[in-house]
Amino acid sequence: MKIRILAFGVVKEFMNSSSLEMDVQEAITVAALKAEFEALYPEIKKLKTYLVAVNDTYAGDDETVDANAEVAIIPPVSGG
Amino acid sequence: MKIRILAFGVVKEFMNSSSLEMDVQEAITVAALKAEFEALYPEIKKLKTYLVAVNDTYAGDDETVDANAEVAIIPPVSGG
Amino acid sequence: MIDIKLSDTPLDMAACIGNAADDACGGQVIFAGTVRNKTKGRRVLRLEYECYQSMALKEIKKIAENAIRLWDIRRIVIHHRVGVLGIGDTAVVIVVSAPHREAAFEGCRYAIETLKKTVPIWKKEIFEDGEEWVSAHT
Amino acid sequence: MIDIKLSDTPLDMAACIGNAADDACGGQVIFAGTVRNKTKGRRVLRLEYECYQSMALKEIKKIAENAIRLWDIRRIVIHHRVGVLGIGDTAVVIVVSAPHREAAFEGCRYAIETLKKTVPIWKKEIFEDGEEWVSAHT
């Protein structure tokens with residue numbers, strides 16, 4: 001299935017794009033998605049940490065992602 | 001010697017005046033002054049507590065008061 | 001920078017905030033004390049504040065100086081109102097500006113807590129059915 | 001009452017304060033985060049904020065709801081700026097109104113601490129000699 005991944009901040013910068021379409025297996029877990037993303041963009045491993053949000057909510061590694069989900073890569077936040 | 005005592009808040013109210021002239025012995029201590037004031041105005045003893053300021057500064061019981069000092073009776077403060 | 005004031009006219013919050021602006025500061029914490037419509041369930045009509053002016057200014061100045069000494073604070077503004085205040089009116093504004101927010105929070109809280117303990121200002125609450133000097137009696 | 005906003009135009013501090021006014025409240029604590037002219041000694045020219053808008057609003061709302069649940073708070077306003085900010089500009093305003101000041105201080109501090117940890121907003125510092133996404137790298 002194809003999923004759309006949103007990028008922000010430093011991630012958007014090294015991706016050179018604010019979003020990405022990735023072709024992944026059905027019902028992929030967040031952990032597996034992170035591994036595929038890291039393979040595509042090794043720069044992400046230089047970050048202090050990063051999280052994944054699914055449908056506007058922080059998602060744990062075991063959660064699965066379906067095709068309609070809005071997925072976002074969340075580098076360390078720095079609001080305020 | 002005569003000293004002038006300033007009154008505020010609840011003290012001013014029960015004294016019915018914002019100041020008082022008291023005739024006291026030379027170099028009276030704050031403690032002795034409080035005793036004389038309490039004798040004149042027993043209502044002060046109903047307060048939760050009260051302090052004495054000499055020349056704009058909180059004064060301890062052992063301090064002495066001279067004739068030119070500005071003395072004030074400070075009932076519990078409630079600013080803010 | 002210290003800016004202190006006792007005022008018998010309404011406090012100007014915007015001016016207080018402006019006076020504390022500082023390009024080297026990343027955080028500003030402001031406390032505004034306002035007149036509540038009720039005290040322990042009794043309806044308040046108004047408050048009357050009075051102060052021992054010379055000493056109050058001296059004690060407020062001490063608080064501001066101590067805050068700057070105790071925390072990494074660059075500016076502190078403390079303005080207190082006196083006279084008759086209605087519901088919703090602002091009795092005190094404290095603005096603390098610091099390079100980092102922790103100092104601003106700590107300094108601001110210290111200032112209001114200490115002000116309430118040491119500064120010779122008194123308020124009388126006027127209720128529908130009586131009046132009372134706050135904190136005077138147990 | 002909760003009032004939250006992400007804004008690409010300057011924040012209106014007076015409006016934030018006004019929106020939090022409440023006759024049942026005796027204390028209002030305000031935090032304003034402003035752009036500092038230096039970070040670790042390096043001169044800052046400007047900041048650029050961006051956010052994941054839908055999620056940021058959701059996370060800010062959670063903070064406001066939690067603050068009201070955890071403390072006796074009646075109103076909370078959280079406005080955050082996005083876009084390009086110059087030195088001295090206000091990036092965030094948080095106003096918390098409560099019957100008593102302790103809750104207002106605790107709630108306001110909780111709100112800014114949590115916002116800095118959970119809300120998907122990012123800032124890039126632009127220095128004279130480079131730029132950096134704050135907190136991104138160790």
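Everything numeric here is computed off the predicted structure, so don't read it as measured data. Note on naming: letters A, B, ... go to the chains in the order of the sequence lines (proteins, then strands), and numbering restarts at 1 for each one.
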N/O donor to acceptor pairs below 3.5 angstrom from side-chain atoms of residues 83-95 of chain C, sequence neighbours left out:
residue: Asp89(C); atom: OD2; partner: Gly86(C); partner atom: N; Å: 2.8

Does CG belonging to Asp23(B) count more than 12 external heavy atoms closer than 6.0 Å?
yes
Are the side chains of Lys117(C) and Val77(B) in touch, meaning some heavy atoms are under 4.5 Å apart?
no
So which part of Lys124(C) gets closer than 4.5 Å to some heavy atom of chain B, the side chain, the backbone, both or neither?
side chain
Against chain C, label Tyr50(B) side chain, backbone, both or neither, depending on which of its atoms sit under 4.5 Å from a heavy atom there.
neither
Any chance NZ of Lys62(C) has more than 12 other-residue heavy atoms, nucleotides or ligands included, within less than 6.0 Å?
yes
If you compare all heavy atoms of Val10(B) against all heavy atoms of His137(C), which two are closest, and at what distance to 0.1 Å?
CG2-CE1, 4.0 Å
Need one label for Val134(C): side chain, backbone, both or neither, based on atoms under 4.5 Å from any heavy atom in chain B.
both
Evaluate the side-chain proximity of Phe8(B) to Met55(C): yes if any heavy-atom separation is below 4.5 Å, no if none is.
no
Are side-chain heavy atoms of Ser135(C) and Lys48(B) found at a separation under 4.5 Å?
yes
Would the number of heavy atoms belonging to other residues, nucleotides or ligands and lying under 6.0 Å from CZ of Arg43(C) be above 12?
no
Between His80(C) and Gly80(B), is there a donor-acceptor pair closer than 3.5 Å when you use the side chain of the first and the backbone of the second?
yes
Structural part of Leu6(B) lying under 4.5 Å from a heavy atom of chain C:
side chain
Evaluate whether atom NZ of Lys34(B) has more than 12 neighbouring non-hydrogen atoms of other residues, nucleotides or ligands under 6.0 angstrom away.
yes
Please examine the side chains of Leu47(B) and Trp133(C), heavy atoms only from C-beta on, and report whether any two atoms are closer than 4.5 Å.
no
To the nearest 0.5 Å, what is the distance between OG (Ser78(B)) and CD (Glu132(C))?
10.5 Å
Heavy atoms only, distances under 4.5 angstrom: which of Gly33(C), Ser54(C), Ala56(C) has the most pairs with chain B? Name it, please.
Ser54(C)
Bottom line for Lys58(C): the part with an atom under 4.5 Å from chain B's heavy atoms is side chain
Relative to chain B, which segment of Glu131(C) carries a heavy atom at a distance below 4.5 Å: side chain, backbone, both, or neither?
side chain
For Pro76(B) and Ala136(C) the tightest heavy-atom approach is CG-O, 3.7 Å
Of all heavy-atom pairs between Tyr52(C) and Ile74(B), which one has the smallest distance, and what is that distance?
CD2-CD1, 3.9 Å
Under the side chain to side chain contact (heavy atoms under 4.5 Å, CB included) rule, collect the residues that match up with Thr29(B), sequence neighbours excluded.
Ala31(B), Ala32(B), Thr64(B)
